[in-house]
Amino acid sequence: MTACAKGRPGRRRLATVALTCVVVASSVAALSSCSTDSGDTEGATTFSPRPTPPDTSAFSGTPPSAMASAAESALESARAAASSASAAASSFEASVSAELTRANEAAAAQLKNVEGKGNATSDVSLTGRPRAETGGLQAVVVNIANSTDEQASYAVQVDFVDADGKAVETRIVGAEDLEPGERARPLAISRKPADLALTAKIAKAQRY
């Protein structure tokens, strides 16, 4: 066997080793490439850091709930509205009473001795007054017309009755020294709560 023939197996082993090294190197390069690709920020999911809760060590007391605040606000509004309505009613009644106190006192004195409905019911009628104009109070206009041919004064008793027809309040108004054909329009004002359903009726009317 020649020298060339003897050297062929050695060469084959060297070629095999070289090929193995190339394969290993390629695998390492591929793994390195994958590792680099996986580390690429493009297309990767980004996680936001967990928010830090506020430091409550400086807080004191307990904050009111939204419902409690709303309820308190509504209560204050109702109180203010009631106070305003009461003030308006008192102001209206005071202005009317100041003008008619003396006439009404004289009318009350006249009606003390009147029996039945009196002698002037045909000269008197009632007209309702809007509560928006009376501060929420129930009031009626007492329409008095002197139907005689002489000067006369009038005393009128107005009863405010409930649904059962029971008088729960009585008001007396008067008009003095009306000339023949002259008219007067005093007010009869109830002091009962505005939400109480009452009806005004003429109980007595006396001409004197």
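Remember, predicted model here, so these are calculated numbers, not experimental data.
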Can you tell which of Gln110, Glu176, Gln206, Arg207 makes a side chain to side chain donor-acceptor pair (under 3.5 Å) with Tyr154?
Arg207
To the nearest 0.5 Å, atom OG of Ser125 lies from atom CD1 of Ile144 at 9.5 Å
Tightest non-hydrogen contact, residues Glu182 and Asp177, listed as OE1-O, 3.9 Å
Atom of Pro186, atom of Val173 and distance for their closest heavy-atom approach:
CG-CG2, 4.0 Å
For Thr134 and Ala139 the tightest heavy-atom approach is CG2-CB, 4.0 Å
Roughly how far, to the nearest 0.5 Å, is CZ of Arg183 from CG of Asp123?
9.5 Å
Co-membership, hydrophobic cluster, residues Val124 and Ile172, 4.5 Å side-chain
no
Could you report the tightest heavy-atom contact between Ala103 and Gly174, atom names first, then the distance?
CB-O, 3.8 Å
Lys192/Phe160 under side-chain contact (heavy atoms from CB on, under 4.5 Å): CA gap, chis, key distance, verdict
CA-CA 9 Å; Lys192 295 298 181 181; Phe160 290 90; over 6 Å; no
What one should report as the nearest heavy-atom pair of Ala205 and Ile202 is CB-CG2, 4.4 Å
Specify the closest pair of heavy atoms between Glu169 and Ile189, including all atoms of both residues, with the distance to one decimal.
OE2-O, 4.3 Å
Return the CG to CZ distance between Asn143 and Arg185, rounded to the nearest 0.5 Å.
5.0 Å
Pair Leu126, Val158 - check side-chain contact (heavy atoms from CB on, under 4.5 Å), show working.
CA-CA 9 Å; Leu126 301 178; Val158 178; 4.2 Å; yes
So, Gln157 side chain and Leu111 main chain: donor-acceptor pair closer than 3.5 Å or not?
no
Measuring from Leu137:CG to Arg131:CZ, what's the distance to the nearest 0.5 Å?
8.0 Å
Shared hydrophobic cluster, Leu178 / Val156 (ILVMFWY, side-chain heavy atoms < 4.5 Å):
yes
Could you tell me whether the side chain of Asp159 and the main chain of Val161 form a donor-acceptor pair under 3.5 Å?
no
Working to the nearest 0.5 angstrom, can you tell me the gap between Leu198 CG and Lys166 NZ?
12.0 Å
So, taking the atom named CG in Asn146 and the one named CD in Gln151, what distance separates them when rounded to the nearest 0.5 Å?
8.5 Å
